[in-house]
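Contents: one structure, followed by commentary.
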Number of protein chains: 2
Amino acid sequence: MDADGFDLEQFLPFRLNRAAEFIALRFAASYRAQYGLTRPEWRTLAALGSSGRMTATEIGVHSTMHKTKVSRAVFALEERRWLKRSRNGGDRRVEQLELTPAGVAAYGEVAGLARAYDAELAELLGEEGIEALSLGLSAVERAIASRRA
Amino acid sequence: MDADGFDLEQFLPFRLNRAAEFIALRFAASYRAQYGLTRPEWRTLAALGSSGRMTATEIGVHSTMHKTKVSRAVFALEERRWLKRSRNGGDRRVEQLELTPAGVAAYGEVAGLARAYDAELAELLGEEGIEALSLGLSAVERAIASRRA
DNA sequence: AATAGACAGTTACGTTTGAAACCATATTGA
DNA sequence: TCAATATGGTTTCAAACGTAACTGTCTATT
C-alpha cells in the first residue's frame, strides 16, 4: 500500500477488470475459433437467444454495450441470416430484433460451449468462490439497475 | 432459462464482464477527462506507482494486458516524462521501468480520484456486497495464478 | 564455437472501437 | 400547428487494438 493510502491490489475496478478479462478471453477463444463470432456478436446472439425479442437499445442497456457495437453486431448477425429485424409497433424508429431459426440453432450450439466453460469454471473457482462471486455480482447488478433509474 | 439448460443471466463470464465494464467505464471517464489518460496508460501508471519498478512483461502479466498495449502505454508515459527506462541487469533484452518524480506525483493525483471512486463504490454496493465481491475475486485471482504455473 | 530455439520488446497492417455528427421519427410546448 | 428538442439507430473518422512478423539478445544442444 502506498504512502497516500491507495492500494491497487485492493482496488475493485482493477481486480474486476482483470478477472473479467482473464475469464472472458479464454471463452472468447473458443467461440471465435469455432464460429468466427466476435465478442459483441456473441453477446447480442446470447441476449436475443435468451430473451427472445429485444430492440438494439435494450440489448445495449442489458449487456452494457455501446450502441455502435450493438448496431454493428446486429448487422453482422443479420448478414448471416441469424437475425431478422422488423418495425412493428407504433414507433417507427424502433426495430424489433429476433433470431431466425438458424440463429436459434446457432445460439443453441454456442450455448453448449458456454455450459462446458461454466463447468470448467466451477471446478477452477470452487463452490465457495462461485457463490461469493455470484453474491458480489448481484450487488453490482442492483447498483447498475438503480443507477439507471 | 432456455430449453437447453443455459441461462445467460447466470453465466459468470457475462455477469463479470458487464459488471467490470460498468464499473470501469465510470472511473475511466474521470481520469480521462482530468488527465487525458487511456485505460492502459492508467493501468501501467498504477502498476508502477504501486510496485515501484517492473518490466513491461511483468506489467502485462500482472494486469492481464496484451504486450502491445503495454508497449504503447509505456511509450506514451515516457513521452510525458512520467516514466523512465533502463537496461540495467545482465539481460539486455529486459527493460526496467520506473516512474520519474513527475510520474510519482501524477500517480498520487490519479490515486486520489481512485480513492474517491472507491468510496463511492463502497456506498453503492454496500458492505456485504463489497465483501462478497472481494472474496469471489480472490478465487479468480487464485485461479489466474495457478493457471500461469 | 556454431546453430537453433526461446524470449523481451517493437512495428506494420488490417480490424475494431467510440465520440460526434447524422438521419429519420416522436414528443413537447408555444 | 409549427418550432424545438429528444430518441432509436447508423455512419464517419481518427484513435486504439491484436495478430503476426520483426529485431536484438539470451540459452541450450551439438
Side-chain angles (χ1 to χ4, degrees), chain A residues 17 20-22 24-29 31-33 36-44 47-48 53-79 83-98 148, chain B residues 17 20-22 24-33 35-45 47-48 53-80 83-98 148:
Chain A
N17 209 61
E21 196 60 21
F22 177 78
L25 227 53
R26 302 184 51 231
F27 181 48
Y31 58 68
R32 181 163 175 261
L37 286 169
T38 67
R39 235 202 274 196
E41 283 161 25
W42 151 244
R43 298 177 114 231
T44 298
L48 288 172
R53 158 185 284 245
M54 303 174 83
T55 69
T57 299
E58 285 167 356
I59 293 172
V61 169
H62 174 260
S63 306
T64 315
M65 280 198 288
H66 192 276
K67 66 179 180 170
T68 62
K69 258 187 194 166
V70 177
S71 174
R72 285 155 178 152
V74 166
F75 180 77
L77 294 177
E78 188 184 30
E79 264 197 324
L83 170 157
K84 64 177 185 299
R85 322 184 188 223
S86 49
R87 280 185 206 267
N88 287 333
D91 189 336
R92 298 177 4 110
R93 291 169 306 184
V94 179
E95 291 187 332
Q96 296 297 329
L97 305 172
E98 204 175 358
R148 266 208 304 275
Chain B
N17 209 61
E21 195 59 22
F22 176 78
L25 227 52
R26 301 186 51 231
F27 181 49
S30 85
Y31 57 68
R32 182 163 176 260
Y35 300 95
L37 287 168
T38 66
R39 236 202 275 196
E41 282 161 25
W42 150 245
R43 298 175 116 232
T44 299
L45 180 69
L48 289 171
R53 160 183 283 246
M54 304 174 82
T55 69
T57 299
E58 285 166 356
I59 292 174
V61 170
H62 174 260
S63 306
T64 316
M65 280 198 289
H66 192 275
K67 65 179 179 169
T68 61
K69 259 187 194 166
V70 178
S71 174
R72 285 154 180 154
V74 165
F75 179 76
L77 295 176
E78 188 183 30
E79 264 198 325
R80 292 194 189 212
L83 171 156
K84 64 175 186 299
R85 323 183 187 222
S86 51
R87 281 184 208 267
N88 288 333
D91 189 337
R92 300 181 359 115
R93 290 169 306 183
V94 178
E95 291 186 332
Q96 296 297 329
L97 305 173
E98 203 175 359
R148 265 208 304 276

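Each chain gets a letter, A, B and so on, in the order its sequence line appears, and its residues count up from 1.
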inquiry  = Rounded to whole Å, how long is the line connecting atom CG of A/Asn88 with atom C1' of C/dT25?
reply    = 16 Å
request  = Can you tell me the distance, in whole Å, between the CD atom of A/Glu41 and the P atom of C/dT17?
outcome  = 9 Å
ask   = Within this structure, what is the CG-to-C1' distance between A/Leu37 and C/dT15, rounded to whole angstrom?
value = 16 Å
key: Closest heavy-atom pair and its distance - B/Leu48, B/Met54   = CD2-N, 3.7 Å
query = Mapping A/Lys67 and A/Thr38 to their closest nucleotides on DNA chain C, which lands nearer the 5' end?
reply = A/Thr38
query = Would a 4.5 Å heavy-atom cut-off, applied to side chains only, mark A/Val70 and A/Thr57 as touching?
reply = no
ask   = Across the strands shown, which category fits A/Arg85 at heavy-atom distances under 4.0 angstrom: base, sugar-phosphate, nothing?
value = sugar-phosphate
query = Rounded to the Å, how far apart are A/Arg39 CZ and C/dT17 C1'?
reply = 13 Å
Nearest-Å distance for atom pair CZ/C1', residues A/Arg93 and C/dT25 = 5 Å
note = Taken to the nearest whole Å, CZ/B/Phe75 to C1'/C/dT11 is 12 Å
Side chain of A/Arg92 (C-beta onward), nearest among C/dA26, C/dA8, C/dG9 = C/dA26
query = Which residue, A/Glu95 or B/Thr68, contacts DNA chain D at a nucleotide closer to its 5' end, judged by nearest heavy atom?
reply = A/Glu95
remark   = Assert: residue with more 5' nearest nucleotide on DNA chain D, out of A/Asp91 and A/Glu21, is A/Asp91
task = Go through C/dA19, C/dT25, C/dA12 for me and flag the one nearest to the A/Arg72 side chain.
result = C/dA19
ask   = Are the side chain of B/Arg53 and the backbone of B/Glu98 linked by a donor-acceptor contact shorter than 3.5 Å?
value = no
ask   = Can you check whether B/Leu45 reaches B/Leu83 side chain to side chain, under 4.5 Å on heavy atoms?
value = no
Within-4.5 Å side-chain heavy-atom neighbours: B/Glu41 and B/Arg80 = yes
message = Does B/Glu21 form a salt bridge (charged side-chain N to carboxylate O under 4.0 Å, His left out) with B/Arg39? I'd like the steps, not just the answer.
response = CA-CA 12 Å; B/Glu21 195 59 22; B/Arg39 236 202 275 196; 3.8 Å; yes
remark   = chain B vs DNA chain D, heavy-atom contacts under 4.0 Å, first-to-last nucleotide span, 5' to 3', is D/dA16 to D/dC26
message = With a 4.5 Å cut-off on side-chain heavy atoms, are B/Arg32 and B/Thr38 touching?
response = no
request  = Rounded to the nearest angstrom, tell me the gap between atom NZ in A/Lys69 and atom P in C/dT15.
outcome  = 19 Å
